[in-house]
Participant: 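Quick one: the structure is below, and I'll ask about it shortly.
What you see is a predicted model, and the numbers here were worked out from it, not measured in a lab.
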Amino acid sequence: FVYVTHDQEEALTMSDMIVVMRDGVIQQQGVPDELYERPANRFVSDFIGTSNFIPATLVEADAATGRATVRNERDLAVRGRLTDPSASPIVGTKVTIAVRPERLEVVTAADADSERPGWTRVEGRIIQGTYLGDQTEYRIQTDQAGELVARRQNAAGAGGALGAGPGDPVVVRWHEDANLILVD
């Protein structure tokens, strides 16, 4: 449920303020980009757009910076930011890593470079690629992160495609700034 507010004294557009509710309880309110980039929890992240969700456990957190390190059951460790400023999770807390599909880069295994500081890199195989005109959506199965959905812009049209199809090995990588750490 989304409720849009209007201010009587200012000319506001319909999307200036959004309130996301669940079962009659406000989950989060704010401007659209705040809800998308810093969702307070998994419900808001899933409600406002599409995300890849990876269950994990908190390894360490810095309350002053909001940065955290988490690890999933497949031994994938990532750094990211806690999106709920009021959350004070302790080590061992169950969390969810949310990564938006457009923040993932997909390259063929042959084109993958070495690891870069601050970047997560997982190997996988394409399950499906769907051309959507302005973008291509890839479903990729990985050992470390499970199934991921990535979206790649088709800036060069159909000729700018990845050049890989179902079953082909790829590398999925993303910067730690894309990791939204949601306290469950």
Participant: Between Leu35 and Phe47, is any pair of side-chain heavy atoms under 4.5 Å apart?
Facilitator: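 They are not in side-chain contact.
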
Participant: Please name the pair of heavy atoms, one in Asn154 and one in Gly133, separated by the smallest distance, quoted to 0.1 Å.
Facilitator: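 The pair with the smallest heavy-atom distance is ND2-O, 3.1 Å.
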
Participant: Is it possible for you to say whether Val149 and Phe53 belong to one hydrophobic cluster, with membership spreading through side-chain heavy-atom contacts below 4.5 Å?
Facilitator: no

Participant: Is any side-chain heavy atom of Trp119 closer than 4.5 Å to one of Glu105?
Facilitator: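 Yes, close enough: below the 4.5 Å cut-off.
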
Participant: Would you say that more than 12 heavy atoms from the other residues, nucleotides or ligands in this model lie under 6.0 Å from the CD1 of Ile90, or not?
Facilitator: no

Participant: Using the rule that two of Ile, Leu, Val, Met, Phe, Trp, Tyr join whenever any of their side-chain heavy atoms come within less than 4.5 Å, decide whether Val95 and Val59 are in one cluster.
Facilitator: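 In one cluster with Val95: Val59, no.
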
Participant: How would you list all residue pairs meeting side chain to side chain donor-acceptor pair (under 3.5 Å) that involve residues 50-61, not counting sequence neighbours?
Facilitator: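 Pairs touching residues 50-61 that pass the test: Ser45-Ser51, Ser51-Arg100, Thr57-Lys94, Glu60-Thr69.
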
Participant: Quick check against the 3.5 Å criterion: does Arg42 have a side-chain atom that pairs as donor or acceptor with the backbone of Thr96?
Facilitator: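 No; judged by distance alone, with no hydrogens or angles, the pair does not exist.
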
Participant: Just to verify, what does Asp168 make a side-chain contact (heavy atoms from CB on, under 4.5 Å) with, not counting sequence neighbours?
Facilitator: Ala164

Participant: First locate atom CD1 of Ile127, then atom OH of Tyr138, and finally report the distance between them rounded to the nearest 0.5 Å.
Facilitator: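 Nearest 0.5 Å value for the CD1-OH distance: 14.0 Å.
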
Participant: Taking all atoms of both residues into account, what is the closest heavy-atom pair of Ala145 and Asn72, and its distance?
Facilitator: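 It is CA-ND2, 4.3 Å.
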
Participant: Show the numbers, then the answer: is there a side chain to side chain contact (heavy atoms under 4.5 Å, CB included) between Val122 and Trp174?
Facilitator: CA-CA 9 Å; Val122 296; Trp174 64 95; 3.9 Å; yes

Participant: Linking Ile, Leu, Val, Met, Phe, Trp and Tyr by side-chain heavy atoms under 4.5 Å, what else ends up with Val171?
Facilitator: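 Val171 shares its hydrophobic cluster with Val107.
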
Participant: Does Asp62 form a salt bridge (charged side-chain N to carboxylate O under 4.0 Å, His left out) with Arg81? I'd like the steps, not just the answer.
Facilitator: CA-CA 9 Å; Asp62 182 341; Arg81 60 192 155 114; over 6 Å; no

Participant: Under the salt bridge (charged side-chain N to carboxylate O under 4.0 Å, His left out) test, which residues partner Arg71, sequence neighbours left out?
Facilitator: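 Per chain and number, Arg71 pairs via salt bridge (charged side-chain N to carboxylate O under 4.0 Å, His left out) with Asp75.
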
Participant: For the CZ atom of Arg151 and the CD atom of Glu137, what is their distance to the nearest 0.5 Å?
Facilitator: 4.5 Å

Participant: Can you list everything that forms a side-chain contact (heavy atoms from CB on, under 4.5 Å) with Ser86? Sequence neighbours excluded, please.
Facilitator: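 So Ser86 forms a side-chain contact (heavy atoms from CB on, under 4.5 Å) with Asp84.
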
Participant: Val70 versus Val78: any side-chain heavy-atom pair under 4.5 Å?
Facilitator: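 In contact.
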
Participant: Test: side chain to side chain donor-acceptor pair (under 3.5 Å). Region: residues 28-37. Which pairs qualify, not counting sequence neighbours?
Facilitator: Tyr36-Glu102

Participant: Does the Arg38 side chain pair with the main chain of Thr83, one donor and one acceptor, at a distance under 3.5 Å?
Facilitator: no

Participant: Are more than 12 heavy atoms from other residues, nucleotides or ligands located less than 6.0 Å from atom CG of Asp177?
Facilitator: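 Counting neighbours around CG of Asp177, more than 12 heavy atoms of other residues, nucleotides or ligands fall under 6.0 Å, so yes.
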
Participant: Should Glu123 and Arg125 count as an ion pair when the cut-off is N to O under 4.0 Å?
Facilitator: no

Participant: CD/Gln135 to CZ/Arg152 distance, rounded to the nearest 0.5 angstrom?
Facilitator: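 Here the rounded value is 12.5 Å.
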
Participant: Kindly give the heavy-atom pair with the smallest separation between Pro32 and Asp16, and that separation in Å.
Facilitator: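 In terms of heavy atoms, the two residues are closest at CD-O, 4.2 Å.
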
Participant: Enter the distance from Ile140:CD1 to Leu148:CG here, rounded to the nearest 0.5 Å.
Facilitator: 6.5 Å

Participant: Evaluate the side-chain proximity of Ile181 to Leu82: yes if any heavy-atom separation is below 4.5 Å, no if none is.
Facilitator: yes

Participant: Working to the nearest 0.5 angstrom, can you tell me the gap between Leu180 CG and Arg103 CZ?
Facilitator: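 Going from the CG atom of Leu180 to the CZ atom of Arg103 covers 7.5 Å.
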
Participant: Measure across Leu182 and Ala98 and return the closest heavy-atom pair with its distance rounded to 0.1 Å.
Facilitator: CD1-CB, 3.7 Å

Participant: Counting C-beta onward and ignoring hydrogens, is there a side-chain heavy-atom pair between Arg74 and Ile54 closer than 4.5 Å?
Facilitator: no

Participant: Let me confirm one number: the CG-CZ distance from Asn179 to Arg67, rounded to the nearest 0.5 Å.
Facilitator: 8.0 Å

